[in-house]
Number of protein chains: 2
Amino acid sequence: MEEKVFIFGHQNPDTDSICSSLVEEYLGHKNGWHSVEARRLGNVNEETQYVLDYLGIEAPALLEEVEEGQGVILIDHNEFNQSVKGIEKAKIWAVTDHHRIANIETGDPLYYTAKPYGCTSTILFEEFKRLGHTIEKKEAILMASAIISDTLLLKSPTTTDYDRKALEELAKIAEIDANEYGLAMLKAGTNLDKFTAEQLICLDAKMLNTKGTKYVIAQVNTVSIEDVLARQEELEKAILAEIEQKGLGMFILAITDILASNSEILVLGDKAEAVEKSFGKKLENHHMFLEGVVSRKKQLLPLIDKNV
Amino acid sequence: MEEKVFIFGHQNPDTDSICSSLVEEYLGHKNGWHSVEARRLGNVNEETQYVLDYLGIEAPALLEEVEEGQGVILIDHNEFNQSVKGIEKAKIWAVTDHHRIANIETGDPLYYTAKPYGCTSTILFEEFKRLGHTIEKKEAILMASAIISDTLLLKSPTTTDYDRKALEELAKIAEIDANEYGLAMLKAGTNLDKFTAEQLICLDAKMLNTKGTKYVIAQVNTVSIEDVLARQEELEKAILAEIEQKGLGMFILAITDILASNSEILVLGDKAEAVEKSFGKKLENHHMFLEGVVSRKKQLLPLIDKNV
């Protein structure tokens, strides 16, 4: 029996991590790699659940840890601190990603396909083209959903012409109106009321480790920043507990208005002034408004990481 | 005026590093990236010079250091400790490589194309196909030479079917007999008499850094291991000086017989027993014979690195 190779995105999976893992599995099967299987490293969020429900398919199974020598394919991430427990001892066969490279070390050569696009699925879309495979409707919906999610309906500054072109073609195959479908999907992900503060700050949290400082940039999407900020007190309590427990220098929660394309960031921790330095303005009552900022990867991380 | 983006392979460049850098430049121009220019990080070895002379072209210009923000494309390597001085502050646009990933950290997303093939040029060969560009004779000779060099005429265990297929097609375009041309090229690189011991141990030396131990695996090709071992005394003196100067835990010199496909390795340093553990045999007078071993990447590095 062939050994399974697990395909998964990052911890606190977003729609790209889940959908692109599934698509990479389908693509693997088309290429004759029958032993590959998608997994997920955490709970499926409501936005992603909307996509799975739309298609009537199940989420990949949860993967909590890998054993030494386990074959894996990393999707939508490469940094070990964002990956599965045990990754250091795994056999990494391939990486498909659209982030910076850091904190990764392999013993052997591997397939690594990264492009500075807005979404992993846009890279997969090009892989279908390159390999001459027809894109099926289900695959098109998964990839279109990932692109809509990562680029906030092509409005994020991370969006490239490759993402626009891919979404246009995928929407046709998927037989969806990208705007209508996309807005419904994004809105499904903004229902934050049902989450405790502890859950909310971990929904899409990325752990960084720079110059010896561990810190987190978490992000939630909303249609009303005000509604989320109304919970500031309990959010701060949850964030302080997280800082204490994980020995963080700083925790940044970006509350992003997906309709107006702005963010409010809530920042706690000893290193919080790195954020003030990054944006040349002061935190007031631990938060600040950032006009036009929607992308963690492009508008938050590089600036803040330089000042940590 | 557009800013130049430099394309270069690793320190102590081999034929793949030089030839693939040139081919990546040509490919860049075909794609409309006119600002890219090949560079080299060290002297051209005699094997590579044979290729350049065959084509009547000049080697890329020497690059000693890059300034902050300099745009670069890394070929045939990704580890910063094998790259140019100042790489930490450079802007890495792309990487094309066939090695493991380690000791690389970028601030931004990038193009990264790695495949576990025997040679970088085989990846470039596939890029020509993917992009629909015709391969010109000069390009074919450069890529064929790189493949012959890295795979020792397809005899190294690093050789994949992709390399075989690429070399077959490239030899046709290049109008060469791969065996005849390849043997002449490889032999041109085995003239070691003109090098001092200090030069010889640095011709193709790779610096590793594992669990806090810095060590070097250098390799020279020959048609007579005996001839090289006759210089053991002066080689050891040069190696000990290198260990002292760079604070190395170990220095391994692989002397590889390209005709018989075997290697003798000469090992000095405090950590030398890592090598004995790796191959389950003792060094005698600081060296041991390894039957069938020709590939540093596949047959030396992974085994030794585990025992460091």
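Being a predicted model, the structure only gives us computed values, none of them experimental. So that the names make sense, note that chain A is the first sequence line, chain B the second, and so on, each numbered from 1.
- Per-residue counts of heavy-atom pairs under 4.5 Å with chain B were compared for G107(A), A94(A), P302(A); the largest is that of G107(A).
- In this structure, CD1 on I101(A) lies 5.0 Å from CD1 on I101(B), to the nearest 0.5 angstrom.
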With 3.5 angstrom as the limit, list the donor-acceptor pairs from chain A to chain B, or say none if there aren't any.
residue: I101(A); atom: N; partner: T106(B); partner atom: OG1; Å: 3.0
residue: I101(A); atom: O; partner: T106(B); partner atom: N; Å: 2.8
residue: T106(A); atom: N; partner: I101(B); partner atom: O; Å: 2.8
residue: T106(A); atom: OG1; partner: I101(B); partner atom: N; Å: 3.0
residue: Y112(A); atom: N; partner: A114(B); partner atom: O; Å: 2.9
residue: Y112(A); atom: O; partner: A114(B); partner atom: N; Å: 2.9
residue: A114(A); atom: N; partner: Y112(B); partner atom: O; Å: 2.9
residue: A114(A); atom: O; partner: Y112(B); partner atom: N; Å: 2.9

